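Chain letters run A, B, ... following the sequence lines, proteins first, then strands; residues in each count from 1. Just so you know, these numbers come straight off a predicted model, no measurement behind them.
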There are 2 protein chains.
Amino acid sequence: MEKEQETLQTWKERVGQELDRVVAFWMEHSHDQEYGGFFTCLGRDGHVYDDLKYVWLQGRQVWMYCHLYRKFERFRCPELLDSAKAGGEFLLRYARVAPPGKKCAFVLTRDGRPVKVQRTIFSECFYTMAMNELWRVTGEAHYQREAVEMMDQIVYWVRKDPSGLGRPWLPGTPASESMAVPMMLLNLVEQLGEADDELAGKYAELGDWCAQRILQHVQRDGQAVLENVSEDGKELSGCLGRHQNPGHALEAGWFLLRHAIRKGDPELRVHIIDKFLLLPFRSGWDPDHGGLFYFQDVDGLCPTQLEWSMKLWWPHSEAMIALLMGYSDSGDPALLHLFYQVAEYTFCQFRDPEYGEWFGYLNREGTVALTIKGGPFKGCFHVPRCLAMCEEMLDALLSRLAQVPDRGAASPSADPAC
Amino acid sequence: MEKEQETLQTWKERVGQELDRVVAFWMEHSHDQEYGGFFTCLGRDGHVYDDLKYVWLQGRQVWMYCHLYRKFERFRCPELLDSAKAGGEFLLRYARVAPPGKKCAFVLTRDGRPVKVQRTIFSECFYTMAMNELWRVTGEAHYQREAVEMMDQIVYWVRKDPSGLGRPWLPGTPASESMAVPMMLLNLVEQLGEADDELAGKYAELGDWCAQRILQHVQRDGQAVLENVSEDGKELSGCLGRHQNPGHALEAGWFLLRHAIRKGDPELRVHIIDKFLLLPFRSGWDPDHGGLFYFQDVDGLCPTQLEWSMKLWWPHSEAMIALLMGYSDSGDPALLHLFYQVAEYTFCQFRDPEYGEWFGYLNREGTVALTIKGGPFKGCFHVPRCLAMCEEMLDALLSRLAQVPDRGAASPSADPAC
């Protein structure tokens, strides 16, 4: 038990120190003092190699800064809050392509002119997260109004009428559902409902709907999570239907687990750990070189995505969160050992001890394929969110251990009687 | 000289045998006997792993089959022609999303229902190539009518009004030109004008315009070919402006060289060999592992595309054509040696002696990263076009050598006096 405690303590310290270094990297290099918002195209040492502003990464960084400010005393510094507010103002002013319409751009010029629009909901989702978290730290009502109005628009697009997103209807396009959509919505439900009974009530049915839709992605008699299924939960034909994204399944896993814990549904918790944590980890982990594959084909065929065998940072940060949350919930030591396995690989392969932040893209063998620290798809989000959540969970596990000194294991279950 | 002749002869035989094997692969595995058209999602051994039909790959295969039928006596077999015609009929019936509108789908279901539409001209360009070549082998006028009508629509989209392509105008989008567009159009001008004085005349000004636009992509005082420039030929800022695609530059090189040879412009020929053959080859060739990088940043920064360091089949097949054409035109032995260098790498790394056709995607070190032989972006086109053109050029070089037995080199220049 002492050994157990020592290992948890060591990881808590590693994770906490790494969080400090990562936040320092973004604070030093990413703030646009002139226009507000953040540069996210940062080279290995933090130099800005492009000044385009990706809306979802702007929203994510605002959210992250506010979240750290709110949850960690050591991050309660004016610089973090001021930068988050400047990012929020940038989004309020420029994110929407044709206000008062809610559709947001995918990417803006440095001074806020739209460059590209995607026909999806993701820019808008991170806009919502940013606004809700800004409201939580500032108490300013207009942020929350923005968050709720955008949320309602997103829900309308997803559940009532997607035509506002601009995708043309074509007779050959299968009516498929990407797991990303209910996942993202479930995350928003959790975000908006945190310590807010009114909104938690408003979105309760939506949360259940999201969970049910995500669970439909478990296919093949429970032996695989598929990224795309038909709207009524059937497997689709071809590459689209066979496509797997282990990191996404693990991320969905901890969204679902958090939902099930809140609902107090023990059977669902066990099911989620089995299907969304253990199954994708086992099938997605590269037995030869370690690390999680980016994409797989459920029949073991070769995926058509050129990057399928690369190791990306975010599936690993999501796996760390999911496995530690699974252990915290179930007390199953196998999950803790998997957390250590992923965390060791991740800290060893992705971390950059020289300049801070993590590399994002390794080749199959684990060597760095792209030296950038940020880009169109990597900003200040997955790494610090993972580190912050892991620090909190490790802290809670250590507190529990300290309270039950004679138990043979950490007994981290939410049920104190078990 | 005998050694020279021997090496050319050896390569001519290797290339010819490989062409036979490649064509056999597609004939055996890709024909859809039920609906017409071609399966292009083929695994290593030729099995169909998805039955989606990518319009540009349908057009390319029709073109390739007709071209082989027309140019090579050994491919003048009814099966090739019948399959090309069935592919052409499939395109005529299903490629356009909303006939009589000309916009084509990007991908169709096996039975021809549109799945996705791209807001570019490329499906339409390969549709045009297919129809023109079908007309050349069958003499049926309706194919040529289709080709010319589609060509005129494409030219209208490119030079007059792109709104029919469906791209929204956004105030932050730079008015940039991708080299792909004038390249593709120049290829169509050559295709339609071959042995056709009327169309050659009709499109002569367009051909010159394309050449001039492609030449604008030579930037940095003649030291680099950039993939995207402003409409008035200036370098663009950020990653977009610094982006390089060595395989594309080499492909543009042989399109341009063919144009300059037809125009009889010796200065332009020298310029093209220098800027579009030697320059991209030297900057794009990986000094550590061999092979051409897929993407580069002109300032040597890390590209943001995950696949930037991979070695793809098509830049190598285009380099083989370009370097051999450059040698045939200039007689510079350095170009012949570069051809041998690329051809050796290509035959050694991409060729699959077991099942036929070439692998398409190698990692940086040259090992196979994707085992597929065809997919959404690889069909029956670059490999057989390269092999067919190289066989013809090697044949012509050998004939010239045989006619001038006392000369110290192959003297392949188009100018018999030099």
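When all heavy atoms are compared, the tightest approach of A/L170 to B/V115 is CD1-O, 3.4 Å. The minimum heavy-atom distance linking B/P303 with A/L370 is given by the pair O-CD2, 3.3 Å.
Distance check: A/T367 OG1 to B/E365 CD gives 6.5 Å after rounding to the nearest 0.5 Å. In this structure, CD on A/E307 lies 11.0 Å from OH on B/Y361, to the nearest 0.5 angstrom. A distance of 11.5 Å separates CG of A/L301 from SG of B/C41, quoted to the nearest 0.5 Å. Distance check: B/C302 SG to A/I372 CD1 gives 5.5 Å after rounding to the nearest 0.5 Å.
Within the 4.5 angstrom heavy-atom criterion, atoms from both the backbone and the side chain of A/Y49 approach chain B. For A/R242, the part sitting under 4.5 Å from any heavy atom of chain B is the side chain, from C-beta outward, and nothing else. Only the side chain of A/V97 comes within contact range of chain B, judged by heavy atoms closer than 4.5 Å. Both the backbone and the side chain of A/P171 come within contact range of chain B, each with at least one heavy atom under 4.5 Å from a heavy atom of that chain. Residue A/K378: no heavy atom, backbone or side chain, is found under 4.5 Å from chain B. Neither the backbone nor the side chain of B/P168 comes within contact range of chain A, judged by heavy atoms closer than 4.5 Å. For A/T109, the part sitting under 4.5 Å from any heavy atom of chain B is the side chain, from C-beta outward, and nothing else.
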Where do B/L312 and A/L306 land on the side-chain contact (heavy atoms from CB on, under 4.5 Å) test, with the steps shown first?
CA-CA 10 Å; B/L312 270 67; A/L306 274 56; 4.3 Å; yes
